[in-house]
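Reviewing the structure listed below.
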Amino acid sequence: QVQLAESGGGWVQVGGSLRLSCKASGSIFKMYDMGWHRQAPGMKRESVALAFSDGVPSYQDSVQGRFTISVDVPKNTVYLDMRDLKPEDTAIYYCAATFQTAPALAPDTYWGTGTQVTVSS
């Protein structure tokens, strides 16, 4: 019964910035990774940024140097700081995370319902 809730999306001008947040709640025993994905109109969902409990973040090439992902592990919260936004960044942004919900269970992946980011010129 893990739930992910995204927030922070909106309509911004080219070159602007936004901070997306995703808070996980429910029966969470251990977090393994959290990340952000996006789906633009007519396109398939793509990975934007991934953060791991033990490792360095990974970014989609198109956002490298502009987006920064960070995780607050005790709060089960992931952030995406987006700078220098471009029209091609327009998409629904989804939060996803891999959690173990009990000691005897294998980790599983959970998804939020998304938040809209629109970058206009």
Side-chain angles (χ1 to χ4, degrees):
Q1 291 296 326
V2 173
Q3 297 174 264
L4 302 179
E6 302 103 330
S7 63
W11 193 339
V12 300
Q13 301 295 313
V14 171
S17 62
L18 282 175
R19 191 187 205 196
L20 305 183
S21 300
C22 174
K23 170 68 177 179
S25 61
S27 300
I28 301 172
F29 174 72
K30 181 178 177 62
M31 186 276 287
Y32 289 86
D33 59 65
M34 299 188 77
W36 292 93
H37 309 256
R38 68 186 182 187
Q39 186 167 19
M43 304 294 289
K44 67 179 182 180
R45 190 174 298 182
E46 65 177 357
S47 176
V48 176
L50 298 173
F52 306 91
S53 58
D54 296 312
V56 299
S58 177
Y59 296 94
Q60 166 70 226
D61 289 343
S62 64
V63 308
Q64 184 76 46
R66 299 188 297 118
F67 291 10
T68 302
I69 187 172
S70 59
V71 179
D72 187 330
V73 176
K75 295 183 179 179
N76 295 127
T77 301
V78 62
Y79 305 93
L80 185 68
D81 290 294
M82 305 183 293
R83 302 174 295 276
D84 191 25
L85 284 162
K86 304 175 180 180
E88 51 264 43
D89 294 318
T90 295
I92 301 175
Y93 284 71
Y94 298 90
C95 174
T98 301
F99 294 116
Q100 186 180 8
T101 58
L105 297 179
D108 203 358
T109 300
Y110 302 85
W111 289 83
T113 56
T115 184
Q116 177 71 47
V117 172
T118 302
V119 185
S120 63
S121 59

Report task. Identify the heavy atoms of Phe67 and Tyr59 that sit nearest to each other, and give their distance. Result -> O-CE2, 3.3 Å
Query raised in the report: Which heavy atom of Gly112 sits nearest a heavy atom of Tyr94, and at what distance?
Result: O-CD2, 3.7 Å
Query - Among Ile92, Leu80, Leu18, side-chain contact (heavy atoms from CB on, under 4.5 Å) partner for Val117 - result: Leu18
Query - Within one Ile-Leu-Val-Met-Phe-Trp-Tyr cluster: Tyr93 and Val14, side-chain cutoff 4.5 Å - result: yes
Requested in this report: Output the distance between atom SG (Cys95) and atom CZ (Arg38), rounded to the nearest 0.5 Å.
Outcome: 15.5 Å
Report task. Tell me whether Val12 is reachable from Val63 by hopping between hydrophobic residues (I, L, V, M, F, W, Y) whose side-chain heavy atoms are closer than 4.5 Å. Result -> yes
Requested in this report: To the nearest 0.5 angstrom, please state how far the OG atom of Ser21 sits from the CD atom of Glu6.
Outcome: 10.5 Å
**Report entry** Beyond-backbone contact of Ser25 with Asn76, side-chain heavy atoms, under 4.5 angstrom
**Finding:** no
Report task. Can you establish whether the number of heavy atoms outside Gln1 located under 6.0 Å from its atom CD is more than 12? Result -> no
**Report entry** Hphob cluster co-occupancy, Tyr110 + Trp36, side-chain heavy atoms under 4.5 angstrom
**Finding:** yes
Query raised in the report: With a 4.5 Å limit on heavy-atom distance, are the side chains of Val2 and Thr101 in contact?
Result: yes
Query - Closest non-hydrogen atom pair, Leu20 against Gly9 - result: CD2-N, 3.6 Å
Report task. Using modelled atom types only, decide if a donor and an acceptor are shared between the side chain of Gln100 and the backbone of Leu105 within a distance under 3.5 Å. Result -> yes
**Report entry** Sidechain-backbone polar pair: Thr98 side chain, Thr109 backbone, donor-acceptor under 3.5 Å
**Finding:** no
Report summary line: In this structure, CD1 of Ile69 is separated from CE of Met34 (nearest 0.5 Å) by 8.5 Å
Report task. Might you point out which heavy atoms bring Leu85 and Met82 nearest each other, and give the distance in Å? Result -> CD2-CB, 3.8 Å
Report task. Please round to the nearest 0.5 Å and tell me the distance separating atom CZ of Arg83 and atom CG of Asp89. Result -> 12.0 Å
Report task. State, yes or no, whether a side-chain contact exists between Gln116 and Thr90 at a heavy-atom distance under 4.5 Å. Result -> yes
Query raised in the report: Taking all non-hydrogen atoms of both residues, which atom of Arg66 and which atom of Asp84 are closest, and how far apart?
Result: NH1-O, 2.9 Å
Report summary line: Here the gap from Lys44 atom NZ to His37 atom NE2, rounded to the nearest 0.5 Å, amounts to 13.5 Å
Query raised in the report: Any sub-3.5 Å donor-acceptor pair from Lys30's side-chain atoms to Pro107's backbone N or O?
Result: no
Query raised in the report: So if you build clusters from Ile, Leu, Val, Met, Phe, Trp, Tyr with side-chain heavy-atom gaps below 4.5 Å, do Leu4 and Ile28 land together?
Result: yes
Query raised in the report: Counting heavy atoms not belonging to Trp11, are there more than 12 under 6.0 Å from its CH2?
Result: no
Query raised in the report: What's the spacing between Ser7 OG and Tyr79 OH if we round to 0.5 Å?
Result: 9.0 Å
